Amino acid sequence: MNAPTPIDLRSDTVTRPTPAMWEAMRRAELGDDVFGDDPTVNALQQRLAADLGFEAALFMPTGTQSNLCALMAHCDRGDEYIVGQMAHTYRWEGGGAAVLGSIQPQPLPNQPDGTLALAEIEAAIKPDDAHFARTRLLALENTWGGRVLPMDYVAAATQLARERGLANHLDGARLFNAAVATDLEPRDIARHFDSVSVCFSKGLGTPAGSALCGSRELIGRAHRWRKMTGGAMRQSGVLAAAALHALDHHVDRLADDHAHARALADGLQGLPGVQVDLPQTNIVFVDLAPDRAPGVVDRLRERGVLATGLYRLRLVTHLDVSSDDVGRAIEILRRTL
Ligand SMILES: *Cc1c(COP(=O)(O)O)cnc(C)c1O
């Protein structure tokens, strides 16, 4: 007898293409994107740039590479970028900006809502003096840990950076989750930034792919870095077709993932030694008392729920998690926690 398929709440990256997405990929018109003649990649880049209000966009294999090329397009060797201590570009991307770009990060603590305090940003901007790296860029992340940055904060922080001569970059791996959760157009969030990176491989459900948006000039520089860092692909229209399909069919449905996350959080309330944050989007954090935490991830796996974390479980809803799965997961989680 086959074991039932586990409910995979480790990440929204684990989704498989839907039959309709496979069909869009199969039918994609292809070319060689290094020659610039893959029509599907070109269509995706034009579509995304227009949707988000930028001159240009560049398709990338991963969000890590998209952020890296953005940082290297904004900053030269010996420049500095201001970033959250817990931001993906700083903490989860292998230090690529420093290693490959000779760009010094200036990390600042993330407040519980994901913001960087304006006074701390201001104090971190270095004077023009030979002692200091040149502070060139503020990098924010939205959503951050599933939280949506408040829009008045985004406006204030990016304005502060601009007034001090810095550019603004957004790691918008889950920008569409932020837009759906706030009922804003993605471009209303993106318009505060000089560059925005988005992932298609998270909530939007494609097998791979991200994109960087910015001015023609910035994207021109990022294009050189993408080639140099090995990210220029050939018939990548296969992946771009999945992204185009996702933009048409998988954005509004993110509201389902958010509702599922909310149901999951509601279903886990009231357990002793377990503290559940109410999610704003598709990520639920569950804090466990130290005596409950050991082995929880292993026991959940044995019972058919995949999760990550240690004292803080992270449960992520996505395209391949149904309402039934949520109900089943709640039952297994309650039994296990
Ligand atoms: C997933 C993610 C990225 C990029 O990740 P890749 O796995 O390289 O595509 C960047 N930033 C955030 C916030 C992410 O969650």
Side-chain angles (χ1 to χ4, degrees), residues 8-15 17 44 48 52 57-72 74 81 83-97 99-101 105 107 110 113-116 137-149 154 168-181 186 189-190 193 195-213 222 225-226 229-231 233 236 239-240 242-243 246 250 254 257-258 261 279-285 308-309 312 314-319:
D8 197 341
L9 303 175
R10 290 173 301 170
S11 175
D12 46 8
T13 55
V14 300
T15 55
L44 172 65
L48 187 73
L52 298 189
L58 188 61
F59 190 51
M60 298 274 188
T62 66
T64 298
Q65 189 156 33
S66 184
N67 281 324
L68 174 65
C69 292
L71 295 172
M72 290 172 78
H74 281 292
Y81 79 113
V83 62
Q85 185 68 249
M86 298 300 283
H88 203 280
T89 58
Y90 174 61
R91 184 160 288 240
W92 300 91
E93 296 180 8
V99 175
L100 300 167
N110 287 96
D113 63 357
T115 61
L116 312 179
L137 178 73
L138 173 66
L140 298 178
E141 184 174 315
N142 197 11
T143 63
W144 175 84
R147 287 196 179 77
V148 182
L149 293 188
V154 171
N168 288 292
H169 172 69
L170 178 66
D171 177 356
R174 297 189 180 86
L175 172 71
F176 292 97
N177 293 86
V180 166
I189 302 176
F193 297 88
S195 57
V196 173
S197 173
V198 299
C199 289
F200 302 112
S201 54
K202 302 257 163 104
L204 296 188
T206 76
S210 289
L212 179 67
C213 299
W225 290 124
R226 186 187 70 170
T229 54
M233 299 183 286
S236 38
L239 293 171
H250 292 175
L254 291 171
D257 297 344
H258 300 174
Q280 293 178 359
T281 59
N282 67 328
I283 305 181
V284 183
F285 287 104
T308 61
R312 183 156 223 238
R314 193 180 86 137
L315 309 171
V316 187
T317 56
H318 51 75
L319 193 56

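Residue numbers run from 1 in the order of the sequence given. Everything numeric in this text was worked out from a predicted model, so none of it was measured. Numbering of ligands and ligand atoms starts at 1, following listing order. Quick note: numbers below take in every heavy atom, side chains included, and nothing from hydrogens, waters or symmetry partners.
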- Reference residue N67; test side chain to side chain donor-acceptor pair (under 3.5 Å); the match among T62, D171, T89: D171

- Task: Could you list the residues that satisfy side-chain hydrogen bond (donor to acceptor under 3.5 Å, both in side chains) with N282, not counting sequence neighbours?
- Result: D12

- Item | Nearest-0.5 Å distance, CH2 of residue W225 to CE of residue M60 | 12.0 Å

List below, pair by pair, the N or O atoms of ligand 1 and of the protein that are less than 3.5 Å apart, including the distance to 0.1 Å; reply 'none' if no pair qualifies.
from     : atom 1 : to   : atom 2 : distance (Å)
ligand 1 : 8 (O)  : G63  : N      : 3.4
ligand 1 : 8 (O)  : T64  : N      : 2.9
ligand 1 : 8 (O)  : T64  : OG1    : 2.5
ligand 1 : 9 (O)  : G63  : N      : 2.8
ligand 1 : 11 (N) : H88  : ND1    : 3.4
ligand 1 : 11 (N) : D171 : OD1    : 3.1
ligand 1 : 11 (N) : D171 : OD2    : 2.6
ligand 1 : 15 (O) : R174 : NH1    : 3.1
ligand 1 : 15 (O) : K202 : NZ     : 2.7

- Item | Minimum side-chain heavy-atom gap V154-F193 below 4.5 Å | yes

- Would you kindly say whether T229 and Q65 are connected by a side-chain donor-acceptor distance under 3.5 Å? yes

- Check the pair S197, S66 against side chain to side chain donor-acceptor pair (under 3.5 Å), reporting the backbone distance first and the verdict last. CA-CA 6 Å; S197 173; S66 184; 2.9 Å; yes

